[in-house]
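Input: a single structure, listed below in structure tokens.
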Protein chains: 2
Amino acid sequence: MTDEKDTRRRILATAADLFRRQGYSGTGLSQVLAAAQVPKGTLYHHFPGGKEQLGVEAVRAGGAEIRALLESLIAGAGRPGDALDGTVRLFRAALESSDYTEGCPVATVALESAGCDPLRAACDEAYRSWTDLIATALGRWEVPADRHDDLATTILATLEGALLLARVRRDTAPLDAAARQLRVLVDAAVPAGAR
Amino acid sequence: MTDEKDTRRRILATAADLFRRQGYSGTGLSQVLAAAQVPKGTLYHHFPGGKEQLGVEAVRAGGAEIRALLESLIAGAGRPGDALDGTVRLFRAALESSDYTEGCPVATVALESAGCDPLRAACDEAYRSWTDLIATALGRWEVPADRHDDLATTILATLEGALLLARVRRDTAPLDAAARQLRVLVDAAVPAGAR
DNA sequence: CACTAGACCGACCGGTCGGTCTAGTGTGGT
DNA sequence: ACCACACTAGACCGACCGGTCGGTCTAGTG
């Protein structure tokens, strides 16, 4: 009974983890199978679409995970800077505890997604949902409406870039530096009364 | 005489282009060879280190190319915003003319570089050189010294993230949005007298 | 107890991977 | 004329790729 849908879930979680760290092309199905302790045939029972379906669902799962994380951080934050700090703290912990292999669960796949449109679309969808979430939150914090989209996009872009730099450098310094400057930018956009 | 070192150069240029668009794992040596019109033996004559050497040199070449580009843009710019605009304009053109496959020549490889340290180190080196260049330029524009590193890192991170978002979205809007917000951030750091 | 549906299994497929090896080929030095 | 050598060339290798296949096992049903 524990294996009812557990096998499928385990395959997906393992694949998502490996894709996040090694990329889509860089991860073989046999590696996923070995790590999840699942034979080949079982994979194709649960994911008839093969590797591509696995990739799309892994990106969707990663997207949903981060979205939930952002939602709770935003809900619990009194000011934009608090939500920003919370986000950075979590990613910093992920980087450090994984020897700088776990960054954004979407970015690695995203940059390889040229030539496979379903994969690209899944990444796009994830990024859009995060951007929308951030833009809405900025509205709550009384940031002028004409800057919601620009600022939300910039916040996401800066964090994504900082995660990339931090991974390559094996140091969270770029993430911290970016967070400090983002805070300057965001605070300046919040009316003094709402700060 | 045209083929003196031309073959090697052609292999490297082809590989760099394919790595940039499809990633390291996603690009097979046979694809490089076919695109460069070069047989296999020739590749291993010029690159005895195999695919890894090709990857490292491709990243270095991409790093040098962008560094040269930044240098000339910075030298020709009166204010920080001008250099920023020039950079964004070039990347926007690259994205649009390549159907959104040509972004940063380092980023795609960088995110796959976990598990291959020479590759990771080459990416790190490229990013460091760009950051140093930007930080030095900020000094010329009289940005306070204690913000050089943070700002330079943030500018690079934001551009990298924006390029990623633009590729996935197949739209330059994220790049433009990020550029506008970066300009706000940078202009605010330049003393009014120097602006 | 016969039957069925679907989860699960792993041998096997053609193709491609990165990499090696040997056989030319053209050119410059002597 | 000769050789040495940098270079070109592609046949070839074992390993591994993503994917398919026929089949077993088990829980549920009439």
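Small disclaimer: the values here were computed from a predicted structure and weren't measured. Chain A is the first sequence line, chain B the second, and so forth, proteins listed ahead of strands; every chain is numbered from 1.
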(request) Identify whether any heavy atom of Thr27(A) sits under 4.0 Å from a base atom; if not, whether one sits that close to sugar-phosphate; answer base, sugar-phosphate or nothing. (result) sugar-phosphate
(request) Test Phe19(A) against Val106(A) for side chain to side chain contact (heavy atoms under 4.5 Å, CB included), laying out the working first. (result) CA-CA 9 Å; Phe19(A) 288 155; Val106(A) 175; over 6 Å; no
Any donor-acceptor pair under 3.5 Å linking the side chain of [X] with the backbone of [Y]?
X: Glu112(A); Y: Ser25(A); answer: yes
X: Arg140(A); Y: Ile74(A); answer: yes
X: Arg169(A); Y: Pro174(A); answer: no

Report the base-pairing partner of [N] (Watson-Crick or G-U wobble, both distances below 3.5 angstrom), or none.
N: dG19(D); value: dC12(C)
N: dA11(D); value: dT20(C)
N: dG30(D); value: dC1(C)
N: dT25(C); value: dA6(D)

(message) Pair Arg180(B), Asp176(B) - check salt bridge (charged side-chain N to carboxylate O under 4.0 Å, His left out), show working.
(response) CA-CA 6 Å; Arg180(B) 280 191 292 270; Asp176(B) 296 324; 5.6 Å; no
(message) Counting only side-chain nitrogens and oxygens, does His46(B) get under 4.0 Å of the OP1 or OP2 atom of dA6(D)?
(response)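 No, outside the criterion.
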(request) Would you indicate, yes or no, if dT20(D) has its OP1 or OP2 atom less than 4.0 angstrom from a side-chain nitrogen or oxygen of Tyr44(A)? (result)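 Tyr44(A) to dT20(D) OP1/OP2: no side-chain N or O under 4.0 Å.
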Could you list the protein-to-nucleotides 9-13 of chain D atom pairs, N/O on both sides, closer than 3.5 Å?
{"residue": "dG10(D)", "atom": "N7", "partner": "Gly41(B)", "partner atom": "N", "Å": "3.3"}
{"residue": "dG10(D)", "atom": "O6", "partner": "Gly41(B)", "partner atom": "N", "Å": "2.9"}

(request) Please examine the side chains of Arg120(B) and Val109(B), heavy atoms only from C-beta on, and report whether any two atoms are closer than 4.5 Å. (result) no
(message) I want to verify a distance call: between dG19(D), dA6(D), dC17(D), whose nearest atom is closest to the His45(B) side chain?
(response)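 The closest nucleotide is dA6(D).
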